[in-house]
Participant: 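Structure incoming, see below.
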Amino acid sequence: PISLFLILLIYSAIFSPRLFTSGGLASALIVTTPLILLTLSITPIAIVGRGGVDLAVGPLMGFINVTLVQYLFGYGIESPIIIFAYCIFLGVAYQIIQAIIIIFIRVSPIIVSLSSYLILSGLNLVVMPRASGVAPMWMSDWGYGTTVNSPIAYLLLIAILLWFLISKTTFYKQIILTGSDERASFVSGVRINTARLGAHVIAGVFVGLGAIAFTAMIGSGDPVQGNRYTLQAVTALVLGGTSLAGGRGGGFGSIIGRNSFQRPKKEALVL
């Protein structure tokens with residue numbers, strides 16, 4: 001993925017030099033941030049093993065988006081603290097429900113996530129039949145993409161820093177061990193169910209942050225646009241070197257993979 005990233009970077013420098021201007025980088029930043037955050041969200045679920053990859057991550061981001069616009073913004077609730085707390089809470093809560101079904105009811109992860117994809121896709125249209133609503137001004141300003149030094153850049157940096165801190169914890173190592181060899185991890189004293197549940201909690205946090213970036217980018221609510229992010233996130237995950245069999249991968253690879261598969265002429269390539 002690093003080689004592919006460098007090749008596309010050189011290609012962009014030659015055929016799309018506007019990308020490296022302040023406006024080009026700012027536009028690329030606002031476009032890529034939601035997908036980077038979604039790719040980070042499915043990374044721990046894939047690493048923890050059992051062939052788990054969250055196919056519902058796109059509709060889940062869309063569900064947070066439409067409920068945020070329809071119910072919070074619609075009733076005049078625009079406090080940044082409340083909005084951040086709501087998005088992260090909803091992302092974590094839904095991921096916990098999925099984790100409980102997978103871990104304790106023992107339904108295959110692919111069946112659970114695919115069912116969630118279909119359920120959320122329909123539910124989004126019930127909440128908001130068509131794209132509508134307006135994000136508050138403080139959030140709409142984030143999506144203008146006029147400068148690199150923007151709140152979206154800070155949000156992305158905070159998310160990357162958060163991932164870095166998580167990756168240095170013992171708990172993250174337990175997630176990797178669980179994905180590498182579940183039986184050996186259990187014998188070694190790793191609480192594999194806790195590791196799996198924690199992977200979904202981490203995913204929920206990054207989905208919530210991705211929904212904030214997505215809402216800022218489009219400046220409204222959209223019940224269908226989030227669905228297309230699922231395939232892109234999974235593609236970036238695989239290109240970044242994360243094994244869908246579990247036990248191998250990381251956030252850096254997911255970020256590079258996300259930026260490696262995007263066509264540079266769309267100016268969505270970021271460092």
Side-chain angles (χ1 to χ4, degrees), residues 26 29-42 54 56-100 116-117 119-147 149-163 166 200-230 233:
L29 183 65
I30 184 63
V31 170
T32 57
T33 295
L35 187 50
I36 289 174
L37 294 175
L38 280 197
T39 306
L40 287 176
S41 75
I42 63 176
D54 191 1
V57 67
L60 177 56
M61 183 181 72
F63 177 73
I64 298 174
N65 165 250
V66 296
T67 56
L68 183 66
V69 173
Q70 188 79 346
Y71 300 129
L72 267 69
F73 298 162
Y75 288 98
I77 301 175
E78 299 183 356
S79 168
I81 296 177
I82 295 177
I83 290 171
F84 270 81
Y86 173 82
C87 292
I88 293 175
F89 170 79
L90 206 58
V92 171
Y94 198 89
Q95 285 292 346
I96 288 176
I97 294 173
Q98 285 198 127
I100 290 174
S116 296
Y117 180 97
I119 292 171
L120 287 172
S121 297
L123 193 57
N124 290 347
L125 291 170
V126 172
V127 174
M128 184 177 288
R130 66 183 67 84
S132 62
V134 179
M137 185 55 65
W138 66 266
M139 181 176 281
S140 297
D141 291 344
W142 293 15
Y144 289 161
T146 56
T147 175
N149 184 21
S150 65
I152 284 292
Y154 299 141
L155 176 64
L156 181 59
L157 288 175
I158 290 172
I160 293 174
L161 177 61
L162 176 61
W163 178 270
I166 292 173
H200 281 269
V201 170
I202 295 171
V205 172
F206 284 97
V207 170
L209 295 177
I212 293 172
F214 175 72
T215 304
M217 181 183 70
I218 65 176
S220 62
D222 194 312
V224 297
Q225 191 172 343
N227 294 5
R228 66 184 180 89
Y229 280 82
T230 295

Participant: Can you name the nearest heavy-atom pair linking F214 to G226, along with the distance?
Facilitator: CZ-N, 4.0 Å
Participant: Taking side chain as C-beta onward, heavy atoms only, is L209 less than 4.5 Å from L40?
Facilitator: no
Participant: Go through it in stages, so that I can follow the logic: the residues are V69 and N65, the test is side-chain contact (heavy atoms from CB on, under 4.5 Å), and I'd like the CA-CA distance, side-chain angles, deciding distance and then a yes or no.
Facilitator: CA-CA 6 Å; V69 173; N65 165 250; 4.1 Å; yes
Participant: Would you say L37 and M61 make side-chain contact, with heavy atoms under 4.5 Å?
Facilitator: no
Participant: With side chains defined as the heavy atoms from C-beta onward, is the minimum distance between V205 and L162 less than 4.5 Å?
Facilitator: yes
Participant: Using a 3.5 Å distance criterion without hydrogens, assess whether the side chain of N227 forms a donor-acceptor pair with backbone atoms of S121.
Facilitator: no
Participant: Side-chain contact, heavy-atom cut-off 4.5 Å: V224 with L125?
Facilitator: yes
Participant: Using modelled atom types only, decide if a donor and an acceptor are shared between the side chain of W163 and the backbone of F206 within a distance under 3.5 Å.
Facilitator: no
Participant: Check whether any side-chain heavy atom of W138 lies under 4.5 Å from a side-chain heavy atom of I83, and answer yes or no.
Facilitator: yes
Participant: Which atoms form the tightest heavy-atom contact between V134 and F73, and what is the distance?
Facilitator: O-CD1, 3.9 Å
Participant: Under 4.5 Å between any side-chain heavy atoms of D222 and V66, yes or no?
Facilitator: no
Participant: Can you say whether the rings of Y94 and F63 are parallel (under 30°), tilted (30 to 60°) or perpendicular (over 60°)?
Facilitator: tilted
Participant: Is it true that, when you exclude F84 itself, more than 12 heavy atoms of the residues, nucleotides or ligands shown sit nearer than 6.0 Å to its CZ?
Facilitator: yes
Participant: When you check the side-chain N and O atoms of Q95 and D54, is any donor under 3.5 Å from an acceptor?
Facilitator: yes
Participant: For the residue pair I64 and G208, what are the closest heavy atoms and their distance?
Facilitator: CD1-CA, 4.2 Å
Participant: Excluding sequence neighbours, so at least two apart, what forms side-chain contact (heavy atoms from CB on, under 4.5 Å) with I96?
Facilitator: V92, I100, L197, V201
Participant: Check whether T33 reaches the backbone of L156 with its side chain - one donor and one acceptor, N or O, closer than 3.5 Å.
Facilitator: no
